[in-house]
Amino acid sequence: MTMAMALGMIMPILTWAGTHAPPLVVVTPLLAGPIAVFLHKGRLAWAWALAISILTFVFVLLLMPQVIQNGHIAYYMGTWVPPLGIEYRIDSLNLLILLLVSAMGVLSLVFGLPLVENEIEESKRGQFFAAFLLCLAGLLGVTITGDAFNVFVFLEISSIATYVLVSMGAERDRRAYVAAFNYLVMGTIGATFFVIGVGLLYMASGTLNMADIAMHIHGHSDNRVVRAAFAFIVIGLGLKMAMFPLHTWLPSAYARAPSMVGVFLASTATKVAFYAMVRFIFSVFTPGSPFEGAVFDLVLAPMAVAAMIICSVQALYQINIRRLLAYSSIAQLGYMLLGLSMGSIAGVAAGLLHLFNHALMKGALFMGVGKASLRQGVTNVQDLRGLGKTMPLTAASFTVAGLSLIGVPLTAGFVSKYYLVVAALERGWWWAVAALIVSSVLAIFYIGKMLETMYLHEPPKITKSKKTAPQAPAKTSLLALGPLMLMAAANIYFFFDASLPKGLADAAAKALLGGGAS
Amino acid sequence: MSTVLEILHIARFGLAGVFLLGGGFFVLAGAIGVLRLPDFYTRLHAAGVTDTMGSTLILLGLMLIAGFTLLSVKLALVGLFLFLTSPTATHAVANAAHKAKLKPLLGTYRQTRKGDNEGGSQ
Amino acid sequence: MNGMQFLAGHFNYIVVIILMMTGLYIVISTGNMVKKLTGLGVFQTSVFQLYITMGKVTGGRPPIVAHAPEGAEHAAANGGEHGASTADTAVRMVHDMADVPVNGVIYSNPIPHVLILTGIVVGVATLAVGLALIVRIRETYDSIEEEDVEEAEYKARKAANA
Amino acid sequence: MNADFITPLDAFTIIDLILMLMLLIVGLAIVRLNDIFAIVMLAGVYSLVSALWFVSLDAVDVAFTEAAVGAGISTVLMLGAMLLSSRTALPAKPVRKWASFFIVLATGAALMYAVTDMPSFGDPLSAPNAYVGLEYLKRSLPDTEIPNVVSSVLASYRGYDTLGETSVILTAGLGVMLILGMGGKINGQLKKKAIDYDNADAQAHHTVLRVVSKMMIPLIVLYGFYVQFHGDFGPGGGFQAGVIIASAVILYALIFGVDAAKAAVPPLVVRIGAALGVLIYGGTGIAGLILGSNYLDYNVLDPHSAPHGQELGIMSIEIGVLITVCSVMLVIFYGFTSRQPDITDKDW
């Protein structure tokens, strides 16, 4: 009886939460952030941030059945019907990203406690977690919205929070300030380009709701204002997501940021910018038009290939592990961009699947580095010596994620690369397949270099050296191992059962390319 | 009666025009002064003319045009604000220059031309 | 539309574009961080001008509506239009000049104004964080020039390797 | 695009031209100059002239904000940040200059390419002007009983954007707190006392400033509240009012010393305010949820009259905006001053 009664109490609440989940996903961390400022005890702030991020994840989960059932859901802010008001619009595409971002929020918080206690001053931890929550809210806000200008506002919340979070690495590495400043300048130029693009779209259509813009500019792809808007939005978001020639800010920012921030950003920030680009290119502009086709074939695809090869080569030469991984990230963004530039359902789906898988592997790799640095202050590849012996579980997880990055069978990385190859062959892009192979071979080298140091070199004599930061207590150190192994396991799991991300990516690609302006 | 009103009307706008032109003249004179006068203090003096005479006359002219309305009250408040703040600002700037040991230019312009002091207190 | 008329109608855009590019040039050409942020400010302000320029209506007034337009009761009864579909509102496009005045007065377009208010605030937020970083960089390197900072880092790396 | 419309050449256009010319001159001057102090001041001038131009383009709210934020607060912050750094910038290397020039040229060309398809300036039937914007103008009064359409769109129709914007401000305040801190320490040492009040010389030199600012500060705060509560009927609102009230405190700090200002408006209060404003804003939205409607729906706030509910909601969120903006501006100001030596007599 009590079970039934409890169920009777909970069901209406669940239904209510389900209906209003779209704003709650964003508003929960957004309003929890200011409260975290006043939680002076580091652990308390951390617990608060963790609870909030779990709650956010639950709201995203509540969205899932609705989206899978109805195809997409719309939510009108203040009940103003678009184009008068701001609309939240969730379909399979943003659901995939929302799941990814909110899950990574939880995982990097669980993982991050010992690292934050190691790297951030006690008095600043409350504010640090507040900035983290605001960053999370911003990323989720960009992903969920259906309003072009609202994308800008939330992009800036997440970006400003990110600049601040990156600069917090200065307690470990003074170059973090410069990295954060360069990121700020490049990011603001990107945001301003994006605003110019949105302004031009508004000039051509008179509205800001994405679906409505699409309706108005449909069939006007020869309009020069629309074409310029396309160029500015692609460049603006390209700057935010570190698209190949615009990527200069990224390696330093990721390498100098606090470890926990590196984990979170590497697996979410560029992904969200990539999502926004996909959303604009396919849902707002007309993907079938000759102009966009030309941009795909002549600009985006060559850029993608250049990124895949050049940045992989750059990764080979890096001494600092985080920089190495960051360059590899830019190369991997090339894979996603390649999928996008194919302009076919298979290509876009493969690109999105790779986005999901890349977040898993890069998250795990950055976690591995962070975990290792707790013990022996790892910054350079050299410092990994003998990790296979001193920290076998961490090393094993790192290895799995590394293999996944290369694309070895039995890991998730293989699945998305396989689909990318299939999609490329479908379009007859042999050169793209060749580039994929070359890039993967390069990945073997730079990942291999690290694995070799890890397993074949003796551990350094001064393992617990004085130059490293004080060791974190063993308990919290164990706490960090959980998410790391979970991520590594996910890299294997999604090889055997990729139905969730693959299903969402396929549905998203079909909706993007099949439905036109819908 | 109506003719009297009409004359008053014309006189009001005529006077407003005179005030506006006069204000414009002082603003212009101030601008020329800032460009042409030899040293910091004299330039500040010219700038002060723009703030006091120029803006006051223009505000008076505008108030005449607006008549007995809320707009005039607002303009009067703006005038009051400027009346208090612009001399204070000029005072603060001159004070800073004096504190920074910026010597005023004494004697005739030709005599001291070589040591022309580019204004600037810092 | 002849060349002169075209120029009159588009002169603002051309000037605004030149101003935007001036700002962008300042940002990327200088190595001084304060000047960089100044350039960023000029760039953003000029983008604001682009928005405001497109929202201007000739003969228009600032968008502060004086009296209730006719048919107010009808619209008020609808309130927020609960439940109406997107398409219903979306298709209501204005087609001729007669619809432009609201209660007999022409107003400029309020949307760009709203967006730019947001833009200005975001701009000052970025500026504040950027300046805070500059203060820290200056404390660390005693310079706000990119060149000096790079040189200091290069020297530090050399010293560490030696 | 409406081909029938031709932009008239009238007195308005001439003012327009003059202001644009001034902007071009100021912009080019900033490019050419290497004196940081001059650059910062010119940036302020650029914002101010832009504000004037916005007035002539009917964007009174934007002009107000640009003058208060762009020309006011931004310039103060810039001056604060450059106080101790070198006064001249290194001139750029020619290679960099040319590289930048070509990037800018390419970007500018892309925009110029688009100009031909842009609507004529001032065209009432252009796509942006004849669609949603016009709809707002027609609906604002019946929907919200607020004559200033910019206020009603900002606070209600696109209220969610404004929540984001308030959060952006909060994030910036948080960032400055994290990067600079708010304590009274410079590099671990306690800061020296701000102004020596017993110093007769200092007293004498500041008498005028002190008297006038004492007269002005209450008026400025009063004006801030006027802007806040008159925002529904005229230009103004939470953002502008917040900046104005913050500027009153900043003026007080400049004249009487930062310590005196911190005694009057303690940093803790300011920090609480920064968070509180966003919570008030977000809480108003949650109230809509609790009353059974969508997020940020103000119609349900008053069960008897939807427009009145709108008015209530807009007032509530504008107060939230005021508190956050004012507090964050002070957080930023305190943050910067805690890193700098106080402005001493020598700087006056």
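A, B, ... follow the sequence lines: proteins, then strands. Residue 1 opens every chain.
Looking at C:M33, the atoms closer than 4.5 Å to chain A (heavy atoms on both sides) sit in the backbone and in the side chain alike. Contact of A:V195 with chain C is made through backbone and side chain together, with heavy-atom distances under 4.5 Å. In this structure, the portion of A:L208 lying under 4.5 Å from any heavy atom of chain C is its side chain and not its backbone. Only the side chain of C:V27 has a heavy atom closer than 4.5 Å to any heavy atom of chain A.
The structure places CE of A:M203 at 4.0 Å from OH of C:Y13, a figure rounded to the nearest 0.5 Å. In this structure, CD1 on A:I196 lies 4.0 Å from CZ on C:F43, to the nearest 0.5 angstrom. Taken from CZ in C:R157 to CZ in A:R175, the straight-line distance is 6.5 Å, to the nearest 0.5 Å. Here CZ of C:R136 is found 15.5 Å from CZ of A:F181. Values are rounded to the nearest 0.5 Å.
In this structure the side chain of C:I28 reaches within 4.5 angstrom of the side chain of A:I189, judged on heavy atoms. A heavy-atom distance below 4.5 Å is not found between the side chains of C:E146 and A:V178. Counting only heavy atoms from C-beta outward, the side chains of C:T118 and A:F149 approach each other to under 4.5 Å.
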Under the criterion side chain to side chain contact (heavy atoms under 4.5 Å, CB included), I'd like the reasoning laid out for C:T126 against A:I160: C-alpha separation, chi angles, the key distance, then a yes or no.
CA-CA 7 Å; C:T126 318; A:I160 293 180; 4.0 Å; yes
Derivation of the side chain to side chain contact (heavy atoms under 4.5 Å, CB included) call for A:T188 and C:Q44
CA-CA 9 Å; A:T188 310; C:Q44 286 176 326; 3.3 Å; yes
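Of the possible donor and acceptor atoms, none in the side chain of A:Y177 sits under 3.5 Å from a partner among the backbone N and O of C:I134.
The choice from C:V149, C:I111, C:L50 that makes the most heavy-atom pairs within less than 4.5 Å of chain A is C:I111. Between chain A and the residues C:T140, C:N109, C:L37, C:L115, the largest count of heavy-atom pairs under 4.5 Å involves C:L115.
Nearest heavy-atom pair across A:R174 and C:A156 is NH2-CB, 3.8 Å.
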